[in-house]
There are 2 protein chains.
Amino acid sequence: MTKRQRSIQRREEALSRDSIIEASIALLDRGGEDGLTFRALSEQLATGPGAIYWHIANKSDLLTAACDALILRTMNQIATTTPEKTIRAVALALFDVNEAHPWVGSAITSTPGASPVVHILERIGQQIRALKVPAGHQWAAVDTLVAFILGVCRQNAANCDLARARNLDRAHFLEAVSTAWSQLDETEYPFTRSVAGRMRNHDDRADFLAGIDLILAGIPSLKPRSRPQLKHSASSVR
Amino acid sequence: MTKRQRSIQRREEALSRDSIIEASIALLDRGGEDGLTFRALSEQLATGPGAIYWHIANKSDLLTAACDALILRTMNQIATTTPEKTIRAVALALFDVNEAHPWVGSAITSTPGASPVVHILERIGQQIRALKVPAGHQWAAVDTLVAFILGVCRQNAANCDLARARNLDRAHFLEAVSTAWSQLDETEYPFTRSVAGRMRNHDDRADFLAGIDLILAGIPSLKPRSRPQLKHSASSVR
DNA sequence: ACCTGAACACCGTTCAAGT
DNA sequence: ACCTGAACACCGTTCAAGT
C-alpha cells in the first residue's frame with residue numbers, strides 16, 4: 001500500500017531551492033512561523049524531511065531565504081522618485097508585505113546583517129545620500145529609519161501571532177487590548193488609559209506613516225553642522 | 001538511590017511564582033531564549049517540570065513575567081526631570097537592560113499590549129504630554145519613540161542570539177558582518193559598502209541616542225498646528 | 001548527485017497519582 | 001493546596017541506505 005500511494009503522489013519535478021522556498025512561504029502565510037515545519041513542508045513537496053537538507057542548510061536559512069524572496073520582490077516594484085517620496089514608498093511597501101505575510105517582520109529581525117536587511121539599508125541609504133545629509137550623519141538617519149520600520153513590522157507580526165494563538169481576528173484582538181487598557185488604574189496609567197479608545201479602531205498604516213514623517217522632519221536638524229554631541233553618549237557602556 | 005538523592009537536594013522553601021521568575025532570568029541570561037527550558041528550570045528549582053505549571057500558565061507567560069520584572073525594576077530607577085531628559089533616560093535604561101539581558105528585546109516585542117509594553121508607553125506618554133504635544137498627535141510621538149526603542153533592542157538581541165549560535169563574541173560577530181558588507185558589489189550596494197567599515201568598531205549606544213534625538217528633533221513639527229495630513233494615508237489598507 | 005525515512009535528542013504540556 | 005514524574009505529541013536534524 002505504501003508503495004502504490006507513494007508512486008502516485010510523487011512529484012514530477014525535482015526538488016529545488018526555489019520550490020522549497022515557495023512552499024515555505026505558503027506554509028508561513030497559513031500558520032505563521034510555527035506553521036513552517038520540516039514535516040509539513042516535506043509532505044507538501046511529496047518527499048521526506050531529509051531531502052530538504054540537501055538544498056538548504058537549516059530552518060533559519062530557510063526562513064531568511066523565504067523572507068529575502070519577498071523583500072527583493074517588493075523592492076523591485078518601487079520606482080525611485082524624490083528621496084522623501086521614495087523613502088515613504090519603501091517604508092509603506094515593507095509595511096504592506098508584512099500585512100500580507102505577517103511573519104516577515106519577525107523573520108527579518110532575526111537575521112541581522114543578512115541579505116533582507118541589507119537590501120533595505122541600501123535602498124534607504126541611497127535616498128539619504130541624495131538628501132545631502134552629511135556623510136558623518138548618514139548612518140544615524142538610515143539606522144533610525146530602519147530600526148523604526150522593522151520595529152513596527154515586528155510589532156504587527158507579534159500582534160498577528162498573538163491573535164492567532166487566541167483564535168481571534170485582528171479586530172477582536174485590538175478590542176481586547178483596548179478594553180484591558182481602559183481598565184487600568186487611572187492615577188497610575190493616565191496616558192495609556194487616554195489612548196485606549198484610540199486603539200480600538202485606529203489606522204496602523206496612517207500611524208506608521210506619521211512616524212516616518214516625524215523622523216524625516218528631524219533630519220534637517222542633522223544638516224547645518226553637527227550638533228554638539230552629548231558627552232555621556234561618547235563611548236559604549238560595555 | 002533516587003530516593004536518597006532526591007531528599008538531599010530537595011529545596012527547603014516552597015516554590016513560588018517569584019522564585020520561578022528569578023530562576024528563569026538566570027537561565028535566560030546564560031543561554032538566551034533557548035536556554036529557558038522547563039526541564040532546566042525544574043532541575044534548578046529541584047522539582048519536576050509539572051510543578052511549575054501550578055504557578056505559571058505556560059512558557060509565554062513565564063517569559064513575559066521575567067521581562068516585566070526587569071522592566072519594572074528599571075523604570076523605577078529613573079528619576080523624572082525635564083521631559084526630554086527623562087525620555088532619553090528611559091530609552092537609555094531600556095537599551096542597557098537589553099545589553100545586560102539580551103533576551104529582553106525579543107521577549108518584550110512578543111507580547112504586544114501586555115504589561116511590559118504598557119509600562120514603557122505610560123512612562124514615555126507622560127513626558128510627551130508634558131511637552132505639550134497636541135492631544136491628537138501624542139500617540140504618533142509615543143508610538144514612534146517606542147517602536148524605535150523596541151526595534152533597536154530587538155536588533156541587538158538578535159545580534160546576541162546569532163553571535164551565540166555561531167560561538168562568537170559580539171566583536172567578532174560585528175567584524176564578520178563588516179567584512180561581508182565590504183565585499184558586496186560596488187555598483188549595486190554603494191551605501192552599505194560605505195558604512196561597512198563603520199560597523200566594525202561603532203558605538204551602538206551613541207547611535208541609539210542619536211536616533212532618539214533625531215525623533216525628538218522632529219516633534220516640534222507636530223506642534224504649531226496639525227500639518228496637512230496626506231490623503232493617501234487616510235484609511236487602512238486591509 | 002539526489003532522495004528516503006527511520007531514528008535521535010530534544011521540546012512544551014498534561015495528568016494520574018501522591019502528600 | 002501543592003507537588004511528582006512518566007507519558008504524549010510534537011519538534012529540527014542526522015545518516016545509513018537506496019536510486
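Throughout, protein chains are lettered first and strands after them, A, B, ... in sequence-line order, and every chain is numbered starting at 1. Bear in mind that the values here come from a model prediction, so they are computed numbers and not experimental data.
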- Could you state the CD1-P distance from B/I56 to D/dC2, rounded to the nearest angstrom? 15 Å

- For the pair A/R193 and A/D185, find out whether any cationic side-chain nitrogen is under 4.0 Å from an anionic carboxylate oxygen. no

- Task: Take atom CG of B/L41 and atom P of C/dT13, then tell me their distance rounded to the nearest Å.
- Result: 12 Å

- Message: Under the rule for side-chain contact (heavy atoms from CB on, under 4.5 Å), what residues qualify as partners of A/V118, not counting sequence neighbours?
- Response: B/W181, B/L184, B/Y189, B/T192

- Any side-chain N or O of B/W54 less than 4.0 Å from the OP1 or OP2 oxygen of D/dC3? no

- Donor-acceptor pair, side chain of A/S106 and main chain of A/W103, under 3.5 angstrom: no

- Item | Rounded interatomic separation in angstrom, taking CD1 from B/I52 and C1' from C/dC15 | 16 Å

- Can you check the A/L45 CG to C/dG5 P distance for me, whole Å? 14 Å

- How far, in whole Å, is D/dC2 from C/dA17 if one measures between their P atoms? 22 Å

- Do A/Q127 side-chain atoms and A/I87 backbone N/O form a donor-acceptor pair below 3.5 Å? no

- Query: Counting N and O atoms only, with roles assigned by atom type, does the side chain of A/R198 sit under 3.5 Å from a partner on the main chain of B/W139, one being a donor and the other an acceptor?
  - Reply: no

- note: B/H55, atom NE2; D/dA1, atom P; distance rounded to Å ~ 13 Å

- Roughly, in whole Å, what's the span from CZ in B/R17 to P in D/dA1? 19 Å

- Task: Find the distance B/L15:CG to C/dT19:P and express it as a whole number of Å.
- Result: 18 Å

- Within the distance-only criterion (no hydrogens, no angle test), does the side chain of B/T74 pair as donor or acceptor with the backbone N or O of B/A93 below 3.5 angstrom? no

- Query: When you look for runs of 3 or more Watson-Crick or G-U pairs in a row, both distances below 3.5 Å, which of them include DNA chain D?
  - Reply: C:4-8 with D:12-16, C:12-16 with D:4-8

- Query: Does the ring centre of A/F208 sit less than 6.0 Å away from the ring centre of A/F95?
  - Reply: yes

For nucleotides 6-11 of chain C, give me every protein contact, N/O to N/O, under 3.5 Å, one pair per line with atom names.
from	atom 1	to	atom 2	distance (Å)
C/dC11	N4	B/R39	NH2	3.3

- Within the distance-only criterion (no hydrogens, no angle test), does the side chain of A/N76 pair as donor or acceptor with the backbone N or O of A/L72 below 3.5 angstrom? yes

- Item | Euclidean distance, atom CG of residue A/D61 to atom P of D/dG12 [Å, nearest integer] | 14 Å

- Item | Any donor-acceptor pair under 3.5 Å from B/S19 side chain to B/S16 backbone | yes

